[in-house]
Amino acid sequence: MSLFDQSEQERILELRKVLHRHNHLYYVESAPEISDREFDRLLAELAELESHHPELYDANSPTQRVGSDLSHKFEQVPHRYPMLSLGNTYNRADVEGFYRRVEEGLGGEPFEICCELKYDGLGISLVYEKGRLVRAVTRGDGVSGDDVTANVRTIKSIPLVLPEGAGWPESFEIRGEILMPWERFEQLNKARELRELPLFANPRNAASGTLKSQNSAVVAERGLDARLYYLLGEDIPAVSHYDNLEMARRWGFKVSPAMQRVSGLEAVFAYIDHWQEERKNLPVATDGIVLKVDSLSQQRRLGFTAKSPRWAIAYKYPAERALTRLVEVTYHVGRTGAVTPVANMEPVQLAGTVVRRASLHNQDIIEKLDLHIGDMVYVEKAGEIIPQIVGVAIEQRSGALGLKVKFIDHCPDCGAPLVRYEGEAATYCPNSTGCPQQIKGRIEHFISRDAMNISSLGPETVDEMFERGILHDAADLYRLGVQDLSGAYGTRERLAQNIVKAIARSRDTGFDRVVFALGIRFVGKVAAKSLATHFKTIDRLRCATKEELLCVEGVGEIIAGAVIEYFSNPRNLDFVTRLEAAGVNMAMPETQTVSQRLSGQSIVISGTFTHHSRDEYKALIEAHGGKNVSSISAKTSFILAGENMGPSKLEKAGRLGVRLMNEDEFLALIGGETPSL
């Protein structure tokens, strides 16, 4: 090893240590010492050095936090210690009953209770060996769960490597909840609403769906968090549950500051009463309190029932509910034509906010509730954020009933007869090219931050230009001049200039975001990036067959069908052609040529990989002069073989004598020289 290589390797180890520390300060302690820009600079330096030294790959490196677009099929892993559920109670009498049973079980011996918030997330077990995260497993059925290690590594509040000299055991397990903070939950649902996807009912469902994603890049993007609350192992440091968690906090784990050790039933009730209101100010969802006997030896003496520990119980707060009057039901048409009924109610205070409107979701919900105008309705906040009508106070109906709420049969915006497709809950306006609300919705999606990011241009401006007849679809944006815009605003010429400049800049937007901006149904940011990376140009994408689309990572039958349907519509083809003519970027950048080490070689990629995605390996092959081929033949130079390679390909490779090369061998072959992927 050269002195230069040695110094680079030392720098890699140093940067990993520094970045782990700053990550903990930012995401756990909320006390950053450096700017985001400086953190990103250090992370970029580490990524560059690691690309030169693939032999130093480390799954727990800070650079791995971004996840991968590989498809992870979850393996079922048994728990070393069963993950039992807690007994639930909803009243103070049951809490007192639990306390008295503990007193009796311990024969009158003094004991303390550790009071904790009950976080509403997805149970997780984290296993650490020699200070490094080695496995993350969901609760599952309590006996075994899904191995979600690759996804959990993207959660920045979970330490990948523990600080040296902190006193952690060589081997231990720590359990907790994976959570989606309220802020990220609202952002996610807002994005899903724009794409007319079903909304997550609450942060727990969102966290669960995210953690079970087959694509860890999606998990990294959604910003999950964690709270840890129980330590297990043969050599854990303290005899007190509370003390063990305080030590875990010092090791870098995110343990709730609300945890409190108390003596006596009155102190337990005081804790419950305090957090009934205060929990509404927390950044993550909670639905109750967990009470645990603090002493581990007393926990062992109390033991377990068949389903739950005798030394712990969960007290759950009742959902907050309000009663108000239904005034009318209106209907909203989205950009894909989905028609959503909205209940408009007399204002009512609920969970800290004034609620006036609630989604009724679809026709089936309306029929199930048997709603009439003027009904007194019960409203709850699903997950304490989304208002929904959960029932009708039938006993308060008197005299003649108000008009029965029936789902409309014509579009409220354009008058077209509505349709409901087999197997779908939603009802649609089929007039996609003539319905004003759909057209304006597609333009607003096109200009949004995650799409073309045309700043200074908002829904009000879009609506005004549409009504003036100068904007019929998003392609019309590229022929607008300052005069077209300033005319509507009188003397606001500076704003018009800014809008025109922003539109001009958007021509250079990355192709993956252009694909997302097209508004193809079911194609989100991640799927758009996969499609753009795989097909590279709009011409190849619009001509892709279903079989070709299904070869793309993360693309299944639904997305493939939506892409084909989109490009089979002549109006959509005309729209894309006009965007091309306006100079909008319709291709990925040409792959940078790094070397000719693979010149003349035909290479097949098969299986799943750790270091890069399949599309990234295809780019690497082209960057080093090689040729990607899809099928094995006698002319195949070698197969870049990952995990789970198909048996038929293995058999054919053996029969033809084609060499199999794993990804470490491949990266060594190209010398670790990578283009910008």
Side-chain angles (χ1 to χ4, degrees), residues 190-191 193-196 331-340 411-416 428-511 513-521 523 525 528 538 542 566-567 569-586:
K190 185 176 180 181
E193 187 176 20
L194 288 172
R195 291 163 52 202
E196 308 230 344
Y331 296 84
H332 170 75
V333 185
R335 67 179 174 87
T336 65
V339 179
T340 303
C411 176
D413 200 47
C414 70
Y428 291 89
C429 168
N431 184 21
S432 61
T433 57
C435 180
Q437 279 300 115
Q438 293 186 59
I439 297 170
K440 288 186 284 188
R442 288 195 295 271
I443 297 172
E444 289 168 17
H445 170 76
F446 185 88
I447 66 177
S448 65
R449 185 179 62 181
D450 290 335
M452 303 302 284
N453 192 25
I454 301 178
S455 57
S456 305
L457 187 58
E460 297 83 3
T461 311
V462 168
D463 189 67
E464 189 275 335
M465 288 192 292
F466 183 85
E467 295 302 323
R468 287 173 58 203
I470 64 172
L471 194 61
H472 304 90
D473 61 26
D476 286 342
L477 291 168
Y478 295 96
R479 59 176 182 76
L480 295 177
V482 172
Q483 193 59 41
D484 297 308
L485 294 161
S486 61
Y489 296 99
T491 60
R492 297 176 66 182
E493 187 169 327
R494 183 179 294 276
L495 175 61
Q497 290 172 343
N498 290 338
I499 292 174
V500 170
K501 288 177 183 177
I503 292 171
R505 284 195 302 270
S506 74
R507 289 184 170 92
D508 298 323
T509 298
F511 180 48
R513 287 171 56 185
V514 174
V515 173
F516 176 60
L518 295 179
I520 303 171
R521 196 175 178 202
V523 175
K525 288 191 295 181
I538 194 67
R542 66 180 153 201
Y566 182 88
F567 287 111
N569 186 317
R571 286 184 177 269
N572 292 336
L573 289 174
D574 176 68
F575 173 63
V576 171
T577 299
R578 287 163 54 224
L579 289 177
E580 282 185 282
V584 173
N585 176 31
M586 290 293 179

Student: Taking only residues two or more places apart in sequence, or in another chain, which ones meet Arg505 in a side chain to side chain donor-acceptor pair (under 3.5 Å)?
Tutor: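 Arg505 satisfies side chain to side chain donor-acceptor pair (under 3.5 Å) with no other residue.
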Student: Using a strict 4.0 Å threshold on nitrogen-to-oxygen distance, state whether Arg571 and Asp473 make a salt bridge.
Tutor: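 Here Arg571 does not pair with Asp473 in a salt bridge, since their nearest N and O are not under 4.0 Å apart.
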Student: Please confirm whether the backbone N or O of Ala474 pairs with a side-chain atom of Arg442, one donor and one acceptor, at under 3.5 Å?
Tutor: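 Side chain of Arg442 to backbone of Ala474, a donor-acceptor pair under 3.5 Å: no, none is there.
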Student: Please identify each residue that fulfils side chain to side chain donor-acceptor pair (under 3.5 Å) with Glu580, with sequence neighbours left out.
Tutor: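 Residues passing side chain to side chain donor-acceptor pair (under 3.5 Å) with Glu580: Arg542.
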Student: Can you check side chain to side chain contact (heavy atoms under 4.5 Å, CB included) on Ile499 and Leu480, steps first, answer last?
Tutor: CA-CA 10 Å; Ile499 292 174; Leu480 295 177; over 6 Å; no
Student: Is any side-chain heavy atom of Ile538 less than 4.5 Å from a side-chain heavy atom of Val514?
Tutor: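 Of all side-chain heavy-atom pairs linking Val514 with Ile538, none is under 4.5 Å.
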Student: Atom CD in Glu444, atom CD1 in Ile454: separation rounded to 0.5 Å?
Tutor: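 Between atom CD of Glu444 and atom CD1 of Ile454 there are 12.5 Å.
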Student: Is a side-chain N or O of His445 found less than 3.5 angstrom from the main chain of Phe516, in a donor-acceptor match?
Tutor: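 Flag set: sc His445 to bb Phe516 pair under 3.5 Å.
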Student: Indicate yes or no: at least one non-hydrogen side-chain atom of Asn569 is less than 4.5 angstrom from one of Phe575.
Tutor: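 Of all side-chain heavy-atom pairs linking Phe575 with Asn569, none is under 4.5 Å.
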Student: Give the minimum heavy-atom separation between Gln438 and Thr336, together with the two atoms involved.
Tutor: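 Closest approach of Gln438 to Thr336: OE1-C, 3.7 Å.
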Student: Could you walk me through whether Leu477 and Leu457 pass the side chain to side chain contact (heavy atoms under 4.5 Å, CB included) test, one step at a time?
Tutor: CA-CA 10 Å; Leu477 291 168; Leu457 187 58; 3.7 Å; yes
Student: Out of curiosity, Thr433 OG1 to Asn431 CG, how far, rounded to the nearest 0.5 Å?
Tutor: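 If I round to the nearest 0.5 Å, the distance is 5.5 Å.
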Student: Do Phe567 and Asn572 have side-chain heavy atoms sitting under 4.5 Å apart?
Tutor: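 The answer is no; the side chains never approach within 4.5 Å.
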Student: Pair Cys411, Val333 - check side chain to side chain contact (heavy atoms under 4.5 Å, CB included), show working.
Tutor: CA-CA 8 Å; Cys411 176; Val333 185; 3.9 Å; yes
Student: Within a strict 4.5 Å, meaning less than it, do heavy atoms of the Phe446 and Leu579 side chains meet?
Tutor: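 Contact flag for Phe446/Leu579 side chains = yes.
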Student: If I take atom CZ from residue Phe466 and atom CD1 from residue Ile470, how far apart are they, to the nearest 0.5 angstrom?
Tutor: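 Interatomic distance, Phe466 CZ to Ile470 CD1, rounded to 0.5 Å: 12.0 Å.
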Student: As an exercise, state the distance from OG1 of Thr509 to CE of Met586, rounded to the nearest 0.5 Å.
Tutor: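 Thr509 OG1 to Met586 CE: 10.5 Å, rounded to 0.5 Å.
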Student: Does some side-chain heavy atom of Met465 sit less than 4.5 Å from a side-chain heavy atom of Ile443?
Tutor: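 The answer is no, as the side chains (C-beta and beyond) never meet within the 4.5 Å cut-off.
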Student: Minimum heavy-atom separation for Arg507 to Ala582, with atom names?
Tutor: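 Scanning both residues completely, I find the closest heavy atoms to be NE-O, 2.6 Å.
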Student: Heavy atoms only: give me the nearest Val482-Ala496 pair and the separation to one decimal.
Tutor: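 In this case the closest contact between Val482 and Ala496 is O-CB, 3.8 Å.
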Student: Carefully, step by step, assess Leu471 and Glu464 under the rule side chain to side chain contact (heavy atoms under 4.5 Å, CB included).
Tutor: CA-CA 9 Å; Leu471 194 61; Glu464 189 275 335; over 6 Å; no
Student: Nearest 0.5 Å, what's the SG-OH distance between Cys435 and Tyr428?
Tutor: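 These two atoms lie 14.0 Å from each other.
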Student: Determine yes or no for a side-chain-to-main-chain donor-acceptor pair under 3.5 angstrom, with Arg468 supplying the side chain and Asp484 the backbone.
Tutor: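 It does hold such a pair.
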Student: Kindly compute the distance separating CD1 (Ile503) from CZ (Arg479), expressed to the nearest 0.5 Å.
Tutor: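 It is 11.0 Å, given to the nearest 0.5 Å.
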Student: Are the side chain of Arg513 and the backbone N or O of Ala451 linked by a donor-acceptor pair below 3.5 Å?
Tutor: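 Indeed, once roles are kept as given, a pair shorter than 3.5 Å links the two residues.
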